[in-house]
2 protein chains.
Amino acid sequence: MSAKTAASAGIAERPAGGTAPAGETGEPIWDIIELLFFAYRDFVGDPDEVLSKLGFGRAHHRVLHFVNRNPGMKVADLLDILNITKQSLGRVLKQMVDQGFVQQKEGAQDRRQRLLYVTPKGEALALKLAGLQTVRINRAFGELGPGAHEAARRFLTAMIDTDSREHVLRLIARADRAAKRG
Amino acid sequence: MSAKTAASAGIAERPAGGTAPAGETGEPIWDIIELLFFAYRDFVGDPDEVLSKLGFGRAHHRVLHFVNRNPGMKVADLLDILNITKQSLGRVLKQMVDQGFVQQKEGAQDRRQRLLYVTPKGEALALKLAGLQTVRINRAFGELGPGAHEAARRFLTAMIDTDSREHVLRLIARADRAAKRG
DNA sequence: CAAAATATGTCAATATGGCTGACATAAATA
DNA sequence: TATTTATGTCAGCCATATTGACATATTTTG
């Protein structure tokens with residue numbers, strides 16, 4: 001019940017004395033480890049249901065999401081983000097193109113490129129999936145009160161590899177600007 | 001569950017104009033959606049490296065983690081948590097038993113049960129993996145300052161399905177007590 | 001006690017989404 | 001022209017998930 005329960009479920013507190021300055025590796029932080037597992041499981045669970053009815057999986061979701069957010073991106077860029085091989089991407093991408101969710105256009109300057117765009121149908125699906133996740137996030141923020149969004153953003157950002165953090169933030173910012181133009 | 005019922009399942013329409021105050025379902029909350037994706041990717045990435053050297057995958061990690069945290073759990077309980085079929089679990093579990101990471105003992109009261117325990121070798125691996133994740137979490141908390149742990153816990157808890165939330169919290173709390181006894 | 005339900009295991013077939021390696025094509029570039 | 005780049009594709013392998021059917025031991029129930 002109350003949010004307090006979670007707190008008392010807490011643990012991982014260091015053996016007396018503590019304050020355990022950050023950076024120390026003492027005892028595993030079990031609560032966050034497990035909560036992250038369950039939270040992520042539910043977070044991707046909503047879209048998964050919708051996707052499975054279309055014969056799609058999580059891989060399709062990732063492709064659709066990033067193409068929708070970054071219209072005109074190169075195949076190579078998508079491969080970098082998803083961190084998979086072109087063969088793996090190829091199979092999934094082909095399905096989405098064949099079924100009219102994603103479209104490929106020859107690059108204007110460099111005609112070797114096959115720039116990726118979502119179709120209206122693809123955008124509708126992308127927004128439907130993001131909407132399901134947004135409902136969950138908004139419900140959470142609603143329970144947590146003001147400042148929750150900022151706190152979540154800071155926590156999640158800090159959890160990303162320091163090396164790639166800047167890259168990720170730029171990606172998100174760039175996509176936001178693209179969305180506003182669109 | 002929830003007021004704001006999935007608000008028309010989310011999305012799409014965001015009739016011109018507005019700033020969408022939090023709590024409303026208008027526009028997708030892209031930053032959290034994407035940060036969660038990248039944060040989780042890195043979070044599971046650390047263990048993945050270690051596991052792959054042992055010929056194990058993420059499935060093995062999940063089994064090892066929960067058995068370590070809940071010594072003596074039934075196979076059925078593990079199936080519930082992981083939400084997979086017994087056939088899927090069977091293969092992974094067999095490997096871990098064969099290689100001496102997990103042990104099965106006949107239930108005392110109910111001799112049909114094969115209660116699950118980690119071996120010392122299994123516990124060492126579980127702690128090694130949790131340690132990697134803890135380093136990341138502690139680094140994040142260190143960057144964020146005091147209150148970060150509590151804030152993260154509250155956020156992640158709120159992201160879990162309302163139905164299963166209590167169950168998850170009980171699971172975590174129970175495992176903590178078990179750990180302290182051990 | 002016999003019958004039914006339960007906990008677990010296993011065989012077989014199938015799907016998804018990763019992977020590697022090799023090779024092909026078109027276009028840009030040195 | 002020769003090379004590199006961007007992309008695609010074929011073929012096969014692996015890990016992890018699925019469903020369905022069936023087996024075994026044990027507990028519970030009528």
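This one's a predicted model, so the numbers in the text were calculated from it and none came from an experiment.
For R112(B) against dT6(C), a side-chain-to-base donor-acceptor contact under 3.5 Å is present. Side-chain atoms of Q87(A) come within donor-acceptor range of the base of dG21(C), with a qualifying N/O pair under 3.5 Å.
Relative ring orientation between Y40(B) and F43(B) is described as tilted, the plane-to-plane angle lying within the 30° to 60° band.
The 5' end of DNA chain D is approached more closely, in terms of each residue's nearest nucleotide, by R114(A) than by the other of R114(A) and Q109(B). Along DNA chain C, the nucleotide closest to I84(A) and the one closest to G55(A) are compared, and the more 5′ of them pairs with G55(A). Nearest-nucleotide positions on DNA chain D place G90(A) closer to the 5' end than the other of V92(B) and G90(A).
Among all heavy-atom pairs drawn from V118(A) and V67(A), the shortest one is N-CG1, 3.7 Å. Nearest heavy atoms, L144(A) versus R154(B): O-NH2, 3.4 Å.
Within 4.0 Å of Q95(A), counting heavy atoms only, lies no atom of the nucleic acid at all. Heavy atoms of N83(A) sit under 4.0 angstrom from primed sugar atoms or phosphate atoms, though from no base atom. The residue R91(B) sits close to a base: some heavy atom pair falls under 4.0 Å. Residue contacts shown for G57(A) are limited to sugar-phosphate atoms, with no base heavy atom under 4.0 Å away.
Rounded to an integer number of Å, the gap from CG of L78(B) to C1' of dT8(C) is 13 Å. We find that CG of D80(B) is positioned 10 Å from P of dA7(C), with the value rounded to whole Å. Rounded to an integer number of Å, the gap from R58(A) CZ to dT16(C) P is 15 Å. Between K86(A) atom NZ and dG21(C) atom C1' the separation is 11 Å, expressed in whole Å. Residue R111(A) contributes atom CZ, which lies 5 Å from atom P of dA28(C) at whole-angstrom precision. In this structure, D77(B) atom CG and dA7(C) atom P are separated by 10 Å, rounded to whole Å. Nucleotide dA27(C) holds its P atom 19 Å from the NZ atom of K105(A), rounded to whole Å. Note: NZ (K74(A)) to P (dA26(C)) measures 20 Å, nearest angstrom.
Applying the 6.0 Å contact sphere to NZ of K94(B) captures no more than 12 heavy atoms from other residues, nucleotides or ligands. Enclosure of atom CD in E106(B) by more than 12 non-hydrogen atoms of other residues, nucleotides or ligands within 6.0 angstrom is indicated.
The phosphate of dG17(C) (OP1 or OP2) has a side-chain N or O of H60(A) nearer than 4.0 angstrom. Within the structure, every side-chain polar atom (N or O) of S88(A) is placed at least 4.0 Å from both OP1 and OP2 of dG17(C).
The line from CD of Q133(B) to CG of D46(B) is 7.0 Å long, rounded to the nearest 0.5 Å. Note that CD of Q104(B) and CD of Q113(B) are 12.0 Å apart. Values are rounded to the nearest 0.5 Å. Taken to the nearest 0.5 Å, the CD atom of Q99(A) stands 6.5 Å off from the NZ atom of K121(A).
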Look for any protein N or O under 3.5 Å of an N or O in nucleotides 2-4 of chain C and output each such pair with its distance, or none.
none

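Side chains of L129(A) and H65(A) form no contact here, defined as non-hydrogen atoms less than 4.5 Å apart.
The pair R139(A)-E143(A) meets the salt-bridge criterion, since a charged nitrogen lies less than 4.0 angstrom from a carboxylate oxygen.
Nucleotides of DNA chain D that come within less than 4.0 Å of any heavy atom of chain A span, from the 5' end to the 3' end, dT5(D) to dC10(D).
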